[in-house]
2 protein chains.
Amino acid sequence: MRVELLTVGDELLLGDTVNGNAAWLGRRLADHGVRVTRSVVVGDELDVIIEAVDAALGRADAVITTGGLGPTYDDLTRDALAKAAGVALVRDAALERRLRERVARAGRELKPVALRMADVPEGARILGNSAGSAPGLRVELSGGVVYALPGVPFEMRTIMDEVVLPELARSAGLPAVARRVVHTAGMWESEMATLLAEVEEADEVELAYLPDPAEVSVRITVSGDDAATRLDGVEARVRVLLGPAVYGAGDETLYLVVHRLLAGRSETVATAESLTGGLIGAELTKAPGASATFAGGMVTYATELKERALGVPEDLLAEHGAVHPDVAAAMAAGVRDALGATYGLAVTGVAGPDPQDGRPVGTVYIGVAGPGDSRIVVSPKLPVPEGGPEVRPVIRRMTVVHALDLLRRVLLGLDVTGGSEQAQAHREDLG
Amino acid sequence: MRVELLTVGDELLLGDTVNGNAAWLGRRLADHGVRVTRSVVVGDELDVIIEAVDAALGRADAVITTGGLGPTYDDLTRDALAKAAGVALVRDAALERRLRERVARAGRELKPVALRMADVPEGARILGNSAGSAPGLRVELSGGVVYALPGVPFEMRTIMDEVVLPELARSAGLPAVARRVVHTAGMWESEMATLLAEVEEADEVELAYLPDPAEVSVRITVSGDDAATRLDGVEARVRVLLGPAVYGAGDETLYLVVHRLLAGRSETVATAESLTGGLIGAELTKAPGASATFAGGMVTYATELKERALGVPEDLLAEHGAVHPDVAAAMAAGVRDALGATYGLAVTGVAGPDPQDGRPVGTVYIGVAGPGDSRIVVSPKLPVPEGGPEVRPVIRRMTVVHALDLLRRVLLGLDVTGGSEQAQAHREDLG
């Protein structure tokens, strides 16, 4: 089964919006064994939309459109589909009632133009939108079927998951395919590929690497009979081969894993950040309920503050500057004590673009101070990107990931270097 | 002049990568008066790439491709262009020498497959890549001209800005068009559109609104004779009409504006963050040199810490809970004093998804404490998104923008409510 995506909207051609919908749809469909073979963006022009739908159906079995279903006059997907099908737009009474009720509940007045969202090409099926106003539409044309979804990401995703995906999978009589994504931190893609070579050689198993700064995920695809059962076995083998670098699978994120580990032991962490400026705290508070495990944080960007607020010894800073393993350890212990947390997590380093105190960009020390004054510092070997304005944000992002991952490994009693070249450069037990 | 974009790569169809290149190119070309009329993504298949190039040139004058110029065997754009032009790929001696030198400088060994990057369709022009290994290519086909650029964003952007854009603008003999983007904070799009109605009515002036949470930018386009000169006049009028909500234009960002204002007066700010968990500190340290104006920050996520670390009065917290204007003011003064900064900037509020202490999601108080113990608290009226998983990140992001903007207004001696409905709900001078 071949599916094409058609995104409608001037704002995408102008670059005011990045096409995140197409990426989400591509991933979602791939996860269900459906291949997106092409993805096209056109502007808000009736004839162009009609031509693009026709052309897509000439190549594919189904087309999923997003955008152009809203209330304003430049929302033209509805009109284009009616014209392509050679039918009229008719106002749907139930949709109109629902629109009026939604607007009344919000205490607003219904603008006449909004009723366009109750117009449906004759013979089209309405795809209920439990998340918003504009419904999706399913229209059969001579070349195949078109699923038209709204452009608002949350509404598009809701209709896709609730209606379109199950229907596509059924109608395609898809071969059994099972997929899962396994997430790692602190390991390089090339290293992973070497470790997983034996898995990739197996029949009906495919691996795809999805690298992000300092986090690499691997998507496992198993096809054929018993795909779902065999996937469990393959995943287990992948976890064995990658060892402590694996932190989760599917929707699990590193910050949630750390949060759950701490919550399960009724422990807390406090952060002391330098080059990351607060990003680690921001990460640890991404999910609601974070206050149970995140005691708070200090951003000691200025060197002098490391001494005054965190008790980092003055002579240490005078001798080595702020970027030093002993400083990371002292910061971690200092913030743990200052905020009364179980663990202190601290980072100091050089985010760039220029070296600092004679230390090159990408030099980073991460310290964890735990109960009983145990202290561990690692210095991950960061793959510093070659020049360009992206250096600083990338170094900061990699530092956040490595810091959370170090805490995870400490909480699990794992080898903090993970056997990985990336983290092996330093490991110091300081107490 | 009509330009189409063609992005090549399986990873885009699978959704492993979001098509940021297309968005960047669309914006860049629009800024130079060139219209992108369609944007297509295809996978790594030779015949499909050739067909897509042909089809695009059937509609447009020029096609810009990104991706498929790397060293591996699934990089097929080079081969597709040679085949489309009916010519052979020939190895370019100068490119080969440059590749060998780059690899030698990095102390690595050149893999034979990497030499593919020195292959060029006969008759094509090489577009020098000062930022990486794979050069761009300019190929003339019967239907028009193709500019093939690498997929690595930084390299793509460099070649685009250095070579392709100037050439396109010249060869198109573009009508004079001048564009500038003006940025505002703390104002709604609908409010802006009302204020700017008179500007939009003028001939040869177009406005486009680019909304982001809590930040709205407006792109001004002036066409016709003297466009550049008239643009200055229109921009000045826009700034007058929007008043203190305007913080900058073009590449200026809110955090840089705040940084420069502080730097110009040799003053500093310290932050105390609750719901944002460190995001304000992270924003203020995005640019190098931040330590001159950012003294440091405290993330007092737990209520108890607001009292202990920032000196917020215990009875205040006991009576009102943590989400209260007086708490924001006390946090701001507390962090200013604790870290010895000129200003304290503090936020407390409810990020959601659930209400807290009986206060609804989106309740946010932002405090600034300045020299002489002046204190100002505002509570922006945040447009809380309807349900969905996006509530929490959006509230956090809006809080960051409003906090930085409040400090900017205080530093400039502007009305802190900006005359804007969005910020008008509260404004309290507490000392």
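Numbered from 1 within each chain, the chains take letters A, B, ... in sequence-line order.
Residue-environment remark: CZ (A:Arg308) exceeds the threshold of 12 foreign heavy atoms within 6.0 Å. Atom CZ of A:Arg157 is surrounded by more than 12 heavy atoms from other residues, nucleotides or ligands within 6.0 Å.
Proximity to chain A (any heavy atom under 4.5 Å) is shown, for B:Ala55, by neither the backbone nor the side chain. For a residue to count as touching a neighbouring chain, one of its non-hydrogen atoms must lie under 4.5 Å from one of that chain's; by this rule A:Ala290 touches chain B with backbone and side chain alike. Heavy atoms closer than 4.5 Å to chain B are found nowhere in A:Gln356, neither backbone nor side chain. With a 4.5 angstrom heavy-atom cutoff, B:Glu155 does not touch chain A via any of its atoms. Looking at B:Thr37, only its backbone comes within 4.5 Å of chain A, counting heavy atoms on both sides.
In this structure, CG on A:Leu14 lies 10.0 Å from CG on B:Leu29, to the nearest 0.5 angstrom. A distance of 6.0 Å separates CZ in A:Arg59 from CD in B:Glu51, rounded to the nearest 0.5 Å. A:Thr285 OG1 to B:Leu275 CG: the interatomic distance, rounded to the nearest 0.5 Å, is 8.5 Å.
With respect to chain B, the highest number of heavy-atom pairs below 4.5 Å among A:Glu283, A:Arg35, A:Arg219, A:Glu4 belongs to A:Arg219. For the options A:Pro288, A:Ala338, A:Ala351, heavy-atom pairs under 4.5 Å to chain B are most numerous at A:Pro288. With respect to chain B, the highest number of heavy-atom pairs below 4.5 Å among A:Ala309, A:Ala295, A:Ala30 belongs to A:Ala295. For the options B:Gly296, B:Ala292, B:Ser39, heavy-atom pairs under 4.5 Å to chain A are most numerous at B:Ser39. Interface remark: of the candidates A:Val36, A:Leu13, A:Thr300, A:Leu13 forms the most heavy-atom pairs closer than 4.5 Å to chain B. Ranked by heavy-atom pairs under 4.5 Å with chain B, the list A:Ser291, A:Gly352, A:Ala287 is led by A:Ala287. Residue with the most contacts toward chain B among A:Gly43, A:Pro153, A:Gly281: A:Gly281 (heavy-atom pairs, distance under 4.5 Å). Ranked by heavy-atom pairs shorter than 4.5 Å toward chain A, the options B:Leu5, B:Asp10, B:Val42, B:Val41 are led by B:Val41.
Of all non-hydrogen atoms in B:Arg396 and A:Ala282, the two that sit nearest each other are NH2-O, 2.7 Å. For B:Ala52 against A:Arg38, the heavy-atom pair with the smallest separation is CB-NH1, 4.1 Å.
Within residues 15-28 of chain B, the residues that have a heavy atom under 4.5 Å from a heavy atom of chain A are B:Gly15, B:Asp16, B:Thr17, B:Val18, B:Asn19, B:Gly20, B:Ala23, B:Gly26, B:Arg27, listed by number.
Taking the side chain as every heavy atom from C-beta outward, A:Val299 and B:Phe294 approach each other to under 4.5 Å.
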